[in-house]
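Notes follow once the structure below has been shown.
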Number of protein chains: 2
Amino acid sequence: MQTVKIGLLGCGTVGSGVARLLTEKVNEYARRSGYRLELSKILVRDRDRSRPAGIDPDLFTTDPAEILEDEEIQIIVEVMGGIDPAREYLLQAIGSGKHVVTANKALIARHGQELFEAASENEVSLYIEASVAGGLPIIQTLKRSLVANQLLSLHGIINGTTNYILSAMTDEGREFQEVLAEAQAKGYAEADPTDDIEGYDAVYKLAILSSLVFEQPIQLKQIHRVGISRIASQDIAYAKQFGYVIKLLAIAKQENGHFQARVSPTMIPVDHPLASVNGVYNAILIKGDAAGDIMFYGQGAGSMPTASAVVSDIINIATELENPPNTLMASNHLGDPVNLGPPDSVVNRYYVRVLTEDKSGVLGQIGTLLGREDISVHTLLQRKADPGNAELVFITHPVSDQKLRQAIAQIRQLETTQEIYSIIRVEDFVE
Amino acid sequence: MQTVKIGLLGCGTVGSGVARLLTEKVNEYARRSGYRLELSKILVRDRDRSRPAGIDPDLFTTDPAEILEDEEIQIIVEVMGGIDPAREYLLQAIGSGKHVVTANKALIARHGQELFEAASENEVSLYIEASVAGGLPIIQTLKRSLVANQLLSLHGIINGTTNYILSAMTDEGREFQEVLAEAQAKGYAEADPTDDIEGYDAVYKLAILSSLVFEQPIQLKQIHRVGISRIASQDIAYAKQFGYVIKLLAIAKQENGHFQARVSPTMIPVDHPLASVNGVYNAILIKGDAAGDIMFYGQGAGSMPTASAVVSDIINIATELENPPNTLMASNHLGDPVNLGPPDSVVNRYYVRVLTEDKSGVLGQIGTLLGREDISVHTLLQRKADPGNAELVFITHPVSDQKLRQAIAQIRQLETTQEIYSIIRVEDFVE
């Protein structure tokens with residue numbers, strides 16, 4: 001049996017999971033791939049840092065050249081994260097004809113096109129299953145198992161931290177800051193939680209998924225992004241009253257020939273399958289024109305689920321070593337970025353919560369203003385708030401983002417308007 | 001651009017979906033596969049039968065030799081169903097070096113080993129994604145995306161008809177026969193519904209899935225099978241009271257080194273993700289030792305979802321035409337059948353409902369008898385039934401199937417026992 005040598009860049013949470021699988025399951029993987037997969041070197045910053053048991057300390061090196069210039073190494077696995085130096089290491093590896101597996105979502109979202117172009121030119125494979133939603137096998141599924149479909153839409157809960165926070169706020173009626181602090185204490189949120197709670201992490205993942213849905217690259221700046229830090233328990237309570245739950249939803253869809261891609265808190269019907277995805281779990285719902293709706297549900301992160309995706313990619317590359325590389329995988333990341341329609345081509349329903357003075361005529365004023373902008377209101381609710389004020393909550397019929405922004409600007413200027421608390425998208429999943 | 005010619009055997013529900021996709025999306029598929037995929041002939045029984053619009057009537061032939069002996073046809077797609085003559089047609093196609101895609105679950109479940117052996121010998125691909133759960137991409141996922149895992153268990157709702165019936169019984173408190181008649185009227189159940197309601201259809205699919213989970217073939221007779229025709233609305237009501245719903249569950253799992261494979265009505269906790277899979281939808285939950293729990297949810301049947309799986313297989317074969325065939329796909333269907341442990345190696349919790357005479361001492365008698373068999377009871381409920389009788393319902397702690405059978409036989413022999421209504425497995429999904 002031939003041996004395939006593997007070089008691992010990084011040995012943190014995911015890297016040590018990869019090392020563990022490759023070490024413990026060498027016989028299992030030999031049976032399945034036809035090769036002895038040998039983890040031959042691991043790049044670390046500090047050789048002396050303590051590592052999980054079972055990883056041979058002789059594999060560690062702090063010199064990237066020892067791995068990247070080793071001609072016997074055929075597959076490079078990058079799990080170090082960050083853009084630099086990961087990007088240059090991978091370009092070097094690809095340039096020397098090595099196949100590459102990466103779990104680095106920021107790198108692929110930002111430099112996917114450059115890396116896939118290099119992989120195409122050098123006729124090597126670049127596999128990225130672990131870069132999105134850890135253990136959920138979504139990349140291969142979109143590229144291979146649903147290849148007969150035009151993909152009409154993708155709706156995903158793809159950030160575990162925000163889903164944990166929103167689930168706890170929903171179940172326990174608590175406020176954002178309190179639940180965030182708890183999530184940080186439990187290790188579900190980072191000390192600096194910005195990447196997760198402001199939606200940047202989900203935007204990286206959605207950029208990668210969008211390129212597969214749209215069959216064209218997308219640029220990060222093309223993705224509309226709103227985080228969850230301004231969601232109040234009061235919004236969640238109103239959502240419940242109207243039959244919705246609030247999720248941070250990543251959406252890529254084609255409608256009337258227009259593309260849209262966004263990450264934002266979204267009200268979804270309480271009986272929709274995505275509504276019951278709670279805690280740190282991830283789920284992705286795909287609509288194909290032939291396959292219909294398909295949902296995937298599982299652990300989106302964590303050492304072993306992500307390592308499972310990385311090592312499955314390694315085994316798939318091994319079984320394909322004698323074949324030309326899978327060009328299907330690269331094609332969607334190459335070429336011109338997708339053309340998102342004009343801003344008023346996207347229509348959505350919206351939930352808006354406003355604090356106004358509690359005077360007669362205010363409701364009429366806002367009603368008239370919305371009517372003038374041609375925005376029709378589906379549900380409206382007015383409640384006494386602190387003395388002298390009233391809380392006004394309404395859900396619109398579908399309206400373009402642009403029109404809604406104009407109306408909101410006008411409401412903000414009314415003398416009676418105290419504060420605009422929230423504007424949250426509503427998704428009814430109705431065709 | 002090179003053309004790949006495709007021969008279609010059968011033009012029923014799935015076949016006409018395949019013909020429609022290949023005809024309408026020829027440019028889309030050329031872009032994705034690198035080949036012009038040309039549907040060149042379709043085998044039908046009756047040329048004159050009316051077919052959906054958009055299929056060129058010149059493609060029809062009633063002579064299998066016109067397709068199987070056409071040297072220009074590289075891929076044969078079998079969607080005719082049944083064992084004979086599908087089996088011999090595919091063996092002939094494989095023998096002449098053609099690649100094969102089939103949606104025929106009965107054929108693969110019964111003759112998968114013979115067909116995969118022939119495919120291996122002739123170095124052609126045999127792809128079977130559509131044979132299980134229509135549009136749900138489960139075969140490729142198990143074989144490729146989860147290949148780094150040891151698969152510990154699979155729990156599936158893989159028959160839409162029975163799930164529709166059980167969902168309606170649960171939601172509306174109606175009896176089996178009434179809901180079945182309605183399902184037949186709506187076209188969700190066949191005129192002869194035996195295959196679905198007695199679990200045969202699910203057993204075929206589970207046989208195919210089990211071979212992937214266990215990495216060894218399984219014989220149909222090794223799969224324990226119980227249908228849903230004896231489930232009463234009363235059982236569903238008790239299940240609800242105890243916090244469960246009843247689903248026809250297909251299960252393949254390894255526990256303490258022992259394999260088990262079964263299709264049977266099963267009580268599952270009402271808050272488990274599988275519990276909310278209703279109507280004709282299918283869902284499959286996989287546990288991998290690294291990836292953890294992953295669930296797939298979607299339309300398990302229907303013309304276009306199944307055609308989506310068939311055509312995705314065709315496109316994948318096209319992209320691999322210049323490569324050696326994927327031996328990974330065959331391996332699990334070859335070799336000796338799996339060795340299921342001794343009957344008492346499998347333990348489960350059970351729900352039992354018995355009609356007894358309403359006399360003092362009956363409860364003690366049954367309690368003593370269960371105790372003697374070392375079966376401990378988790379929950380017990382006694383209710384007055386028709387005059388002079390009482391209904392006794394209990395849920396056991398885990399017990400081997402063998403021991404439970406012995407206890408049931410003894411309960412049946414008690415003078416006070418009028419009838420044993422139901423014995424239903426309980427799955428708590430607790431490790």
Side-chain angles (χ1 to χ4, degrees), chain A residues 17 20-22 25 28-29 31-34 129 134-141 144-150 215 271 273 276-277 281 283 285-286 288-299 302 304-305 307-316 319-320 322-324 326-328 331, chain B residues 17 20-22 25 28-29 31-34 129 134-141 144-150 215 271 273 276-277 281 283 285-286 288-299 302 304-305 307-316 319-320 322-324 326-328 331:
Chain A
R20 210 181 110 190
L21 286 178
L22 288 174
K25 290 174 178 260
E28 210 169 314
Y29 295 160
R31 195 176 68 237
R32 292 185 196 152
S33 70
E129 185 64 67
L136 277 195
I138 188 70
I139 306 275
Q140 286 265 8
T141 300
R144 296 183 63 106
S145 303
L146 296 175
V147 65
N149 289 263
Q150 189 187 354
E215 296 188 83
D271 58 355
S276 48
V277 174
Y281 275 82
L285 177 71
I286 309 284
D289 63 348
D293 284 340
I294 299 181
M295 194 173 100
F296 302 82
Y297 168 91
Q299 294 180 49
M304 297 317 288
S308 158
V310 169
V311 177
S312 296
D313 274 355
I314 296 173
I315 297 172
N316 284 307
T319 62
E320 295 161 2
E322 292 172 29
N323 307 341
N326 188 339
T327 52
L328 255 193
S331 59
Chain B
R20 211 182 108 189
L21 287 177
L22 288 174
K25 290 175 177 258
E28 208 170 316
Y29 296 159
R31 194 176 69 237
R32 293 186 194 151
S33 70
E129 186 63 69
L136 277 195
I138 189 70
I139 306 275
Q140 287 263 9
T141 301
R144 297 183 64 105
S145 303
L146 296 175
V147 63
N149 290 261
Q150 189 187 354
E215 296 186 84
D271 59 356
S276 48
V277 175
Y281 275 82
L285 177 72
I286 309 283
D289 62 349
D293 284 340
I294 298 181
M295 194 172 100
F296 303 82
Y297 168 90
Q299 294 180 50
M304 297 316 289
S308 159
V310 168
V311 177
S312 296
D313 275 355
I314 295 173
I315 297 172
N316 284 308
T319 62
E320 294 161 2
E322 291 172 27
N323 308 339
N326 187 340
T327 53
L328 257 192
S331 59

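Chain letters run A, B, ... following the sequence lines, proteins first, then strands; residues in each count from 1.
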Revision key, fill the gap. Here the gap from A:L146 atom CG to B:Q140 atom CD, rounded to the nearest 0.5 Å, amounts to 10.5 Å
Check your understanding: If you look at every heavy atom in B:S312 and A:R144, which pair is closest and at what distance?
Key -> CB-O, 3.7 Å
**Study point:** Contact origin within A:Y29 toward chain B - heavy atom pairs under 4.5 Å
**Key:** side chain
Point to revise | Point-to-point distance, once rounded to the nearest 0.5 Å, from CG of B:N149 to CE of A:M304 | key: 8.5 Å
Check your understanding: Say you draw a straight line from CD of A:E28 to CG of B:D289; how long is it, rounded to the nearest 0.5 Å?
Key -> 6.5 Å
Revision key, fill the gap. Assert top hit (heavy-atom pairs under 4.5 Å, partner chain B, pool A:S276, A:G298, A:A291) equals A:A291
Exercise for review: Under 4.5 Å heavy-atom distance to chain B, tell me which part of A:I294 shows up: side chain, backbone, both or neither.
Suggested key: both
Review point. If you count heavy-atom pairs under 4.5 Å between each of B:G135, B:S145, B:G34, B:G288 and chain A, which one has the most?
Key: B:S145
**Study point:** Proximal component of A:E215, with respect to chain B [non-hydrogen, under 4.5 Å]
**Key:** side chain
Revision key, fill the gap. Of A:I315, A:T319, A:D313, the one forming a side chain to side chain contact (heavy atoms under 4.5 Å, CB included) with B:V147 is A:I315
